Amino acid sequence: MKLNKIINTLSIAAVALLATACNDTDAQYTITEVGAPEFTVSDPSLDDILLFGERTIRVAFDKKIGFATKNTSLITLNGVPVKKAVVYGADSILTVVADVNFDRVQTLHIPAGLIIGPQHKAYDKDLDLTWEIKDLPDNEATQMTKKLGWGWNLGNHFDTSDVTWGYWDGATPTAALFQRLASYGAKTVRIPATWTCHMDATNTIAQSYLDEVGDVVSMAIDAGLNVILNTHHDSYETDLGYAASNPGEAQLDSALIVDLWTQVAEYFKNYNDQLIFEVFNEIHAGDIWDSSTDAETDLLNKWNQYAVNAIRATKGNNATRWIGVSHYAANIDLTIDKLQLPTDAANRIMVGVHCYDPYNFCLAPESSGVDSWGHNANPLSSVAGMNEDYILPQLYKLRKVYIEKGIPCYLGEYGCVWQTTDGANAFRKYYLEFFCRSAWTAGIPMMVWDNSGNDVSKGGNEANYYINHNNGEFVADGAEIIPMMIRACTDPDTNYWFDEIWEHSPAPAD
């Protein structure tokens, strides 16, 4: 009973308060006028590229919006109605799903009045969003791209890190090797070399080894090829993590890098500009390949600078020779995110990266069971999310960050192993053609990895071989694959485009 009296009293008070508020005009609330929504950004960004196949495009506005799905057909991509357009919940993003063709220019058209904001205010103008793959700029970077063209790695020869094993490829390179490479259309040979296992206790490189490397470099240059000579599998290559956390070790490794490059640069300082130095291969910490700490990042940037300084100090042609640098594991994303270009008075620094994506298809199919790639791949034996719509944007990043800014960039290593079945090798061929044409579109010269192999009837993990390391004759399917890769990497015919390559994909597996 007492509770009922309390409730009744509160109700009467509430009514009285409401009446007072209604009679007090100063206490009335005014509704703030909210303008029409305005477009802010899209995903993919208009600085990116919009690729072939079914794609999702997110169009963001500055306010929460509404959209009537019955109007979906009024939204078009290159004049074709999109498949889906929806706003999920109370959101500021219109999500569009559309089939993207192979045109270099893609325009999403959203007519005025379809996007409604708060208070029913409409976006009252046509919205046209355009993505375009433009022609490459004519700058020093693209000139270097043409100079380097397509290239090949003399892998597992001088980059043997244990001299007691001999050279891992068991080969003796001859002038015929490089002459044949040039006749195929190659413009560059990358010569990986390990130096520290040929040093004595004073960090002096054996003269006989310098002479042997020098002879092979000279044979390649005499054949008209460019040469990229690096340090590869050296003692500091996996020591970055330990060195970054131990000042004493960092000092020792830094001194070793300076000693090494001073001697190599001094030996080759009179070679012409066909010779390019690449200061490192895939510097990383232990067995960690996909991330680096701030301390590791900082130390590796310093190591790049130390090497560049050592090379330039030898003068001669080294004063202006092109020098390639990379960052952690030569990974594309880590290089873009973390590489600090060395200071260089000659302004002749290049950026080198590697790409074997997806790893399980390109390098380890036997152990992973991955034997297909691309839009026709078997979903049960391929790597999801790393097909055509991954490869081209991944390489195109390099164009946006380096090539378009006049900084030369190259793929020092790429490739896909000789597979164990005809079906898997058909996907391999398709992958290599698509990859190479993607690199051409991005303006990136490239060098295929070749580590040789004695039994070409077998394939599988790490089985990268195309050319005999002694005389340059084709091995495995090199006679078919090499010309295809060279064409895809260098052909200036803009009619040779992804619609043609797309049709080369093997039929879907049953």
Side-chain angles (χ1 to χ4, degrees), residues 49 51-52 101-105 132-153 178-190 223-226 228 350 353 355 362 373-375 387-389 391-400 402-404 408-416 425-450 466-467 472 474 477-506:
I49 50 178
L51 303 169
F52 22 76
N101 60 26
F102 293 93
D103 292 348
R104 289 174 173 79
V105 179
E132 181 177 3
I133 298 179
K134 299 178 180 178
D135 292 338
L136 286 162
D138 183 11
N139 59 22
E140 195 163 33
T142 53
Q143 291 165 15
M144 180 59 74
T145 296
K146 293 176 183 177
K147 172 183 170 70
L148 297 182
W150 181 88
W152 175 83
N153 274 271
F178 303 107
Q179 290 163 1
R180 280 199 171 99
L181 269 173
S183 73
Y184 300 152
K187 289 190 175 182
T188 302
V189 58
R190 182 171 177 260
L225 296 168
N226 302 296
I228 296 176
M350 305 170 62
V353 293
C355 185
C362 292
W373 179 87
H375 63 283
N387 294 306
E388 296 97 339
D389 56 337
I391 290 297
L392 180 52
Q394 185 70 353
L395 301 184
Y396 207 81
K397 292 177 189 175
L398 300 169
R399 168 175 169 161
K400 300 298 294 184
Y402 298 117
I403 299 297
E404 292 186 1
C409 180
Y410 63 98
L411 272 162
E413 292 182 22
Y414 80 96
C416 187
N425 275 318
F427 278 108
R428 167 182 180 257
K429 179 181 176 182
Y430 172 61
Y431 167 86
L432 288 170
E433 183 179 15
F434 189 95
F435 188 100
C436 290
R437 200 56 176 171
S438 296
W440 176 85
T441 304
I444 310 295
M446 55 203 308
M447 293 92 225
V448 71
W449 179 251
D450 188 325
Y466 305 87
I467 292 172
F474 291 125
D477 60 352
E480 178 183 14
I481 293 292
I482 294 292
M484 179 201 73
M485 291 193 293
I486 292 175
R487 181 196 175 204
C489 181
T490 62
D491 191 341
D493 183 3
T494 56
N495 291 319
Y496 174 34
W497 194 239
F498 293 101
D499 52 349
E500 175 183 335
I501 299 172
W502 192 269
E503 298 302 319
H504 294 170
S505 173

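Note that these values count all heavy atoms, side chains included, but never hydrogens, waters or copies made by symmetry. Keep in mind that this is a model prediction, so the values were computed, not measured.
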Closest contact, heavy atoms only, [X] versus [Y]:
X      : Y      : answer
Pro445 : Cys409 : CD-O, 3.1 Å
Phe427 : Ser505 : CE2-OG, 4.4 Å
Gly478 : Pro483 : O-CD, 3.6 Å
Pro408 : Ala141 : N-CB, 3.7 Å

Query raised in the report: When the ring centroid of Trp502 is compared with that of Phe102, is the distance short of 6.0 Å?
Result: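 So the answer is yes for these two rings.
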
Query raised in the report: Would you say the ring centroid of Phe474 lies under 6.0 angstrom from that of Tyr466?
Result: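 No: the rings miss the under 6.0 Å criterion.
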
Is the backbone N or O of [Y] less than 3.5 Å from a side-chain atom of [X], with the two atoms forming a donor-acceptor pair by type?
X      : Y      : value
Ser438 : Ile391 : no
Lys187 : Gly224 : no
Thr188 : Leu148 : yes
Asn387 : Asp389 : no
Asn153 : Val189 : no
Asp103 : Val105 : no

Query - Chi angles and distances behind the salt bridge (Lys or Arg N to Asp or Glu O under 4.0 Å) call for Glu140, Lys146 - result: CA-CA 10 Å; Glu140 195 163 33; Lys146 293 176 183 177; over 6 Å; no

Report task. For Asp499, check side chain to side chain donor-acceptor pair (under 3.5 Å) against everything at least two apart and list the hits. Result ->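 So Asp499 forms no side chain to side chain donor-acceptor pair (under 3.5 Å) with any residue.
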
Report task. With sequence neighbours excluded, tell me which residues meet side chain to side chain donor-acceptor pair (under 3.5 Å) with Gln179. Result -> none

Query raised in the report: Take atom CG in Asp493; do more than 12 heavy atoms of anything else shown fall under 6.0 Å from it?
Result: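 Above 12, so yes.
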
Beyond-backbone contact of [X] with [Y], side-chain heavy atoms, under 4.5 angstrom:
X      : Y      : value
Ile49  : Glu132 : no
Val353 : Ile444 : no
Phe435 : Cys355 : yes

Requested in this report: Check the pair Val448 / Met485 against side chain to side chain contact (heavy atoms under 4.5 Å, CB included), numbers first and verdict last.
Outcome: CA-CA 9 Å; Val448 71; Met485 291 193 293; 4.2 Å; yes

Pairwise distance [atom1]([X]) to [atom2]([Y]) - rounded to 0.5 angstrom:
X      : Y      : atom1 : atom2 : answer
Ile482 : Asp477 : CD1   : CG    : 8.5 Å
Phe434 : Thr441 : CZ    : OG1   : 8.5 Å
Trp150 : Ile486 : CH2   : CD1   : 5.0 Å
Leu136 : Ile133 : CG    : CD1   : 10.5 Å
Tyr396 : Leu51  : OH    : CG    : 10.0 Å
Tyr431 : Ile501 : OH    : CD1   : 13.5 Å

Query raised in the report: Can a salt bridge be assigned to the pair Glu480 and Arg428 using a cut-off of 4.0 Å between side-chain N and carboxylate O?
Result: no

Query raised in the report: With a 3.5 Å cut-off and no angle check, do the side chains of Lys147 and Asn226 form a donor-acceptor pair?
Result: yes

**Report entry** Between Asp450 and Trp152: side-chain donor-acceptor atoms closer than 3.5 Å
**Finding:** yes

Report task. Determine the interplanar angle of the Tyr430 and Trp373 rings, folded into 0 to 90°, and report it as parallel if under 30°, tilted if 30 to 60°, perpendicular if over 60°. Result -> tilted

Query raised in the report: Can the positive tip of Arg104 be found less than 6.0 Å from the middle of the six-membered ring of Trp497, inside 45° of the ring normal?
Result: yes

Query raised in the report: Given the rule in the side chain to side chain contact (heavy atoms under 4.5 Å, CB included) test, do Met484 and His504 qualify, once you have shown the distances and angles that lead to the verdict?
Result: CA-CA 12 Å; Met484 179 201 73; His504 294 170; over 6 Å; no

Requested in this report: Check the pair His375 / Glu388 against side chain to side chain contact (heavy atoms under 4.5 Å, CB included), numbers first and verdict last.
Outcome: CA-CA 7 Å; His375 63 283; Glu388 296 97 339; 2.6 Å; yes

Query raised in the report: Do Arg190 and Trp449 pass the side chain to side chain contact (heavy atoms under 4.5 Å, CB included) test, and can you show the C-alpha distance, the side-chain angles, and the key distance before you say yes or no?
Result: CA-CA 9 Å; Arg190 182 171 177 260; Trp449 179 251; 4.1 Å; yes

Report task. With sequence neighbours left out, write down each residue that passes side chain to side chain contact (heavy atoms under 4.5 Å, CB included) with Ala488, or none if nothing qualifies. Result -> Glu433, Cys436, Arg437, Tyr496

